[in-house]
Amino acid sequence: MADPKGFMTTPREEWPRRPVEERVRDWDEVYVPGALLPIISKQADRCMDCGVPFCHDACPLGNLIPEWNDLVSREDWRAASDRLHATNNFPEFTGRLCPAPCEAGCVLAINQPAVTIKNVECAIADRAWADGFASPRPPERLSGRTVAVIGSGPTGLAAAQQLTRAGHTVAVYEKDDRLGGLLRYGIPEFKMEKLHLERRLGQMRAEGTKFRTSTVVGRDVGAAELRARYDAVVIATGATAWRELPVPGRELEGIHQAMEYLPLANRVCQGDLSESPMSAVGRHVVIVGGGDTGADCLGTAVRQRAASVTQLDIYAQPGTERDEDAEPWPTYPKLYRLSAAHEEARDLETAPAADADARLFAASTLHFEGDENGHVRSLHLVEVDAARQPVPGTERMLPADMVLLALGFSGPDREDGLIDQLGVVTEPRGTIARDAEFTTNVPGVFAAGDAARGQSLIVWAIAEGRAVAAAVDRYLTGSSQLPAPISPYDRPMTV
């Protein structure tokens, strides 16, 4: 604890964002380059070095937050990097993309703004790359055992890196032409530039991990054949089966799933396309779904110069302060938060029908109407009460010639045949069933991440990857020194 009075003398200060008018004209990250390091040491001083740091429990990775806060406050960046990477393979991802449940669990947050844990984490990760602290860590010797990891999202990459460093020969199979899963084609460039992903992939290649892109297991390679070829298989395909909206008019043209829309915008940024064939330019866009994916669609549509963008959230607008009765500290509260995309929509007034930013809260879609050519032209909605029941007399219509469905995901997609070919048992909700050792009903086949847990946060995905790696290592060798931060049955802290 470098400054015992830091939490009393230093106010919370976050990484500043670039001006809205500037950043919506490009796809660069929304934050001011270089503006974090000058403020972060003082922000780390605000950490109270609590006797019982609840931020540890709030984060499934078990990050050693007070330790690296103290090291940052003393500007010992190498030691801070070592402590950070001891629990997190990819802190530059989580430092940009995680909603920071650790900050909700910060003891200071009981009666003050929390420590900027997420910003400190990101600063350490970026400094580690700048100063050469993130060098590859290849194993000293090989075990002679082989592992196939199916999926290259954060779970698959974390599992692969841990197993490679343990000495196993690991091959990662990815169905897309590039690695990263949703990190590559789901997360917009303005939230995380792909150079951060490329650096980690380069590190992993140097450590010995092998990658096979454009390979659909179950189609290009038989799942049973893959199982016979490797000593163990980890299914980390994510939850890619999107939820539908079964209302009249859904069949109209111009209504798309968010994960049909976002990858095309990312491919433009990758240089694959000169422009997206599903661009929002000049269109009246309505996004159905109030979560992070919907916000990603919002920021993307704004940058594509949509005529208007409105986002529908079926939940009522939350308050700005924690409800201590309903969501007591240190649980993660549902609060009104203004993401970068919502800030842009508010300042640019992209949704005249919304009160403040682009969101219409407590709104449910009734049906769509189209023109004589079968293209969507309007969305009809109704306000709902706390039980999601329609409120009579609140029906209204929004112009919509492009609708994006961001309703979440139910489990892994079964169309490629992977699950059926292996004979893996699934839960009633569609996720893969597993036991306390992350093992499926098929010997030697493990399941981790959203494919088994269900849709979750990036920190849970990385924690699952680290934990399943330890389970696979035990299966292959009889014991493991790899950390296992969570079990398959752990869940976020709730009331």
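All of these numbers come straight from a predicted model, not from anything done at the bench.
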Item to complete: Answer whether the closest heavy-atom distance between the side chains of Leu360 and Glu383 falls below 4.5 Å.
Response: no

Worksheet entry | Note: Asp176-Arg178 ion pair, threshold 4.0 Å (strictly below) | no

Item to complete: Without swapping roles, check the side chain of Gln43 against the backbone of Thr116 for a donor-acceptor pair under 3.5 Å.
Response: no

Worksheet item: So, the side chain of Ser276 versus the backbone of Met278: is there a donor-acceptor pair under 3.5 Å, distance only?
Response: yes

Worksheet item: Between Lys118 (side chain) and Cys98 (backbone), is there a donor-acceptor pair under 3.5 Å?
Response: yes

Worksheet item: Would you call Arg267 and Asp177 a salt bridge, using N to O less than 4.0 angstrom?
Response: yes

Worksheet item: Do Asp450 side-chain atoms and Gln455 backbone N/O form a donor-acceptor pair below 3.5 Å?
Response: no

Discussion item. Using the rule side-chain contact (heavy atoms from CB on, under 4.5 Å), only one of Val472, Thr169, Val468 pairs with Leu163; which is it?
Written reply: Val472

Practice prompt. Measure across Phe133 and Trp77 and return the closest heavy-atom pair with its distance rounded to 0.1 Å.
Written response: CE1-C, 3.7 Å

Worksheet item: Between Arg453 and Glu464, is there a salt bridge with N-O shorter than 4.0 Å?
Response: yes

Worksheet item: Tyr31 vs Trp15 aromatic rings, parallel, tilted or perpendicular, using cut-offs 30° and 60°?
Response: parallel

Worksheet item: Are Lys334 and Glu327 close enough for a salt bridge, meaning some N to O gap below 4.0 Å?
Response: no

Response to the item:
The single option from Ile255, Val288, Val247 that satisfies side-chain contact (heavy atoms from CB on, under 4.5 Å) with Leu379 is Val288

Worksheet item: Just by modelled atom types, is the Val281 backbone N or O under 3.5 Å from a matching donor or acceptor in the Gln304 side chain?
Response: no

Worksheet item: When you measure from the centre of the six-membered ring of Phe190, is the NZ or CZ of Arg303 under 6.0 Å away and within 45° of the axis?
Response: yes

Fill in: Residues Arg200, Glu92: salt bridge by 4.0 Å N-O rule
yes

Item to complete: Only one of Thr87, Thr94, Leu157 passes side-chain contact (heavy atoms from CB on, under 4.5 Å) with Ile462; say which it is.
Response: Thr94

Worksheet item: Does Asp292 come within less than 4.0 Å of Arg337, counting only side-chain N to carboxylate O?
Response: no

Fill in: All pairs passing ring pair (Phe, Tyr, Trp, His ring centres under 6.0 Å) where residues 235-276 contributes a residue, at least two apart
none

Discussion item. Please check this pair: side chain of Arg322 against backbone of Thr331, looking for a donor-acceptor N/O pair closer than 3.5 Å.
Written reply: yes

Worksheet entry | Passing candidate, salt bridge (charged side-chain N to carboxylate O under 4.0 Å, His left out) with Glu29, options Arg96, Lys191, Arg17, Lys194 | Arg96

Worksheet entry | Any donor-acceptor pair under 3.5 Å from Arg25 side chain to Glu21 backbone | yes

Worksheet item: Would a distance-only check, ignoring hydrogens and angles, find a side-chain to backbone donor-acceptor pair under 3.5 Å from Arg165 to Glu207?
Response: no

Discussion item. If the threshold is 4.0 Å, N to carboxylate O, is there a salt bridge linking Arg184 and Glu198?
Written reply: yes

Worksheet item: Is a salt bridge present between Arg227 and Glu225, judged by a nitrogen-to-oxygen distance below 4.0 Å?
Response: no

Item to complete: Considering only NZ, NE, NH1 and NH2 on the basic side and carboxylate oxygens on the acidic side, decide whether Arg377 and Glu372 come within less than 4.0 Å.
Response: no

